[in-house]
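Presented below is the structure to which this report refers.
Below, chains carry the letters A, B, ... as their sequence lines are ordered, and counting in each starts from 1.
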Amino acid sequence: MTSVAALRPKVVAASVHAELLGVSKTFPGSGGQGPVTALDGLDISLRKGEFFSVVGPSGCGKSTLLDLLAGLSAPSQGRARFEGQDISGTVPPGIGVVFQEDASFPWLTVSDNIAFTLRRTGTDPAEIQRRVDYAIGFMGLRGFEKAYPAQLSGGMRQRVCIGRTLVMQPRFILMDEPFGALDQQTRLLMGDELLRLWRETGATVFFITHALDEANLLSDRIGVMSARPGRIIDTIETGWPRERDSRLAERGEFGQLTARLWSLLREESRIALGMTK
Amino acid sequence: MRGSVAWIRFAVVAGFVLGLEIACRAGWINARTMIAPSEMALSLAGIMADGEIYASLSMTVLTILGAYAISVTLGTVLGLLIHRYDVLRRATAPILAAWYAIPSFAFYPLFIVLLGFGRPALVALGVKLAIVSMIAATIDGLDKERRVFDKVARIAQLGALARIRLITLPAALPHLMTGLKLAFVYSFIGVVAGEFILSTAGLGYEIAYAYDNYDTTRMYGLILLTCVIAALINSCFRFYERRLPGGGVR
């Protein structure tokens, strides 16, 4: 009785890790403003283990998109799915999120910050210690285990937050402009670290950025969003090898791809800024 | 850096005390107006050795603690409610903003009418002065919790109580500490000043009694005692504030 049709959902489930199907998100109006449609009829499908970035003009709903994929908010229309299950406004296990804002807890040391979420899961203390120790080494925070966030630089604090996500061993990591507050050099190096983390964990990564070269450097695929209400207007395969780092930027194709992204985005950015006639 | 700050602070206080000592000893300040700091200290030592003051002192301290406990408990609860319910916030905002513009001591006769001459009227005066600083600090602390912490809490699947215990309270702690400190100062002022104006016992009353009887030496000894108590308690708060995890940065 095993027909091809019966097999199909399993095949799909193996390759598609997370997806939004026909998703719209409308926020109720406030302060005399009418309701705002942030996303409209958006489809996105992430393959298991890929590094997928999203670029788009400011205010196009990138962060809303992340919230929906993470289960932090529910779509007004359409479906959000993770590992074949519908999610709606609850964060399923296996998902880790890193935010643009500093989300480290100022009253906890680096170690305690990294262990925070893991401690809530009832994991064996020895195992917590092992994973935290590994994350501290991996994120280059050795020697700062007992430091408080106020004693760290912005880049180090962000590494603490990434560490907190890393110890949960998530299968799906969502990042909302995590390096947005960092200088260019730190950003490039953090990008290299992120690629290393991605290769080692095999997790699917969804990465929001406004920096086209950053999206280009890090990603297997890049989704380009329209001005609000946001939709994916194009998806670009970069074709970069899995073993890659910031030295990619020296290649000629790198510049061509960044230029292509900009040509796709330029008109949308003009619309977003109200610069069209 | 911290060492030099401490030295400057010490030098300012020591310079002031020394200047006062010289001014009094040289007769630039009338001895009936003010006595030299060394005499104040001797007077205080005499008062403490005599032991008669302890009954008044303990009565005042207990009254302050009563006013403080009520202000902190009620202030925190009200702060939580006002933070939680926007309608309450909008309703109370002008009242809270204007609170300290109202001369609290004007209410003292009313408190006496309502509560009698005893300690309850003094407690009420202390609470009237102190409670709003605790309410304001609680609201402030809760408002300043970063919105991203809410998302972290949801990713960590924290329940409501765990969230308050693990995120809301520690995030608000430095602000609450400010409230705790101010509420104490205000309770202290309210009770001692109330005793000074109209009371038959307590530290404030003892100062007023010495003042009325031209006993300048005893009066300054008692004022010094009041200062010492306030300074000691303030130091305790500072000690704990410095030890807040993360250095009190939020």
Sub-4.5 Å heavy-atom contacts with chain B: which residues of residues 71-79 of chain A show up?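 Heavy-atom contacts from residues 71-79 of chain A to chain B are Gly71(A), Leu72(A), Ser73(A).
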
Toward chain B: residues of residues 133-147 of chain A with heavy atoms under 4.5 Å: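 Those residues of residues 133-147 of chain A which would need a heavy atom under 4.5 Å from chain B do not exist here.
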
Starting at CG of Leu166(B), measure out to CH2 of Trp107(A) and round the result to the nearest 0.5 Å.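 The distance works out to 9.0 Å.
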
Taking atom OH of Tyr148(A) and atom CG of Leu244(B), what is their separation to the nearest 0.5 Å?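 That separation rounds to 10.0 Å.
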
Flag if over 12 foreign heavy atoms under 6.0 Å of OH, Tyr100(B):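 Yes.
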
Crowded around Phe16(B) CZ? As in, over 12 foreign heavy atoms under 6.0 Å?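 No, because the 6.0 Å sphere around CZ of Phe16(B) holds 12 heavy atoms or fewer from other groups.
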
For residues 176-197 of chain B, which side-chain N or O atoms pair as donor and acceptor with protein atoms under 3.5 Å away, sequence neighbours left out?
| residue | atom | partner | partner atom | Å |
| --- | --- | --- | --- | --- |
| Thr178(B) | OG1 | Pro174(B) | O | 3.1 |
| Lys181(B) | NZ | Glu241(B) | OE1 | 3.1 |
| Ser187(B) | OG | Ala183(B) | O | 2.7 |
| Glu195(B) | OE1 | Thr60(B) | OG1 | 3.1 |
| Glu195(B) | OE1 | Leu203(B) | N | 3.1 |
| Glu195(B) | OE1 | Gly204(B) | N | 2.8 |
| Glu195(B) | OE2 | Thr60(B) | OG1 | 3.0 |
| Glu195(B) | OE2 | Arg119(B) | NH1 | 2.6 |
| Glu195(B) | OE2 | Arg119(B) | NH2 | 3.3 |

Of the non-hydrogen atoms in Phe149(B) and Ala103(A), which two are nearest, and what is the gap between them?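 What the structure gives for the nearest pair is CE2-O, 3.7 Å.
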
If I compare all heavy atoms of Arg146(B) with all of Asp102(A), which pair ends up nearest, and what's the gap?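 Scanning both residues, the minimum pair turns out to be NH1-O, 2.7 Å.
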
Starting from the C-alpha separation in whole Å, work towards a yes-or-no answer on side-chain contact (heavy atoms from CB on, under 4.5 Å) for Asp67(A) and Lys151(B). CA-CA 9 Å; Asp67(A) 283 355; Lys151(B) 290 184 175 180; 3.3 Å; yes

Main-chain N/O of Ala153(B) paired with Arg120(A) side-chain donor or acceptor, under 3.5 Å: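 Not at all, since once roles are kept as given, no pair shorter than 3.5 Å links the two residues.
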
Verify, without hydrogens or angle tests, whether Gln157(B) (side chain) and Thr121(A) (backbone) share a donor-acceptor contact under 3.5 angstrom.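 Flag not set: sc Gln157(B) to bb Thr121(A) has no pair under 3.5 Å.
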
Give me each pair satisfying salt bridge (charged side-chain N to carboxylate O under 4.0 Å, His left out) with a member in residues 162-178 of chain B, each pair once, sequence neighbours excluded.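 Sorted pair list: Glu145(B)-Arg163(B), Asp150(B)-Arg163(B).
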
Could you tell me which portion of Arg119(A) (side chain, backbone, both or neither) has an atom closer than 4.5 angstrom to a non-hydrogen atom of chain B?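 Contact with chain B is absent: no heavy atom of Arg119(A) under 4.5 Å.
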
Most heavy-atom pairs under 4.5 angstrom with chain B, which of Thr117(A), Leu108(A), Thr90(A)?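 If we count pairs closer than 4.5 Å to chain B, Thr117(A) comes out on top.
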
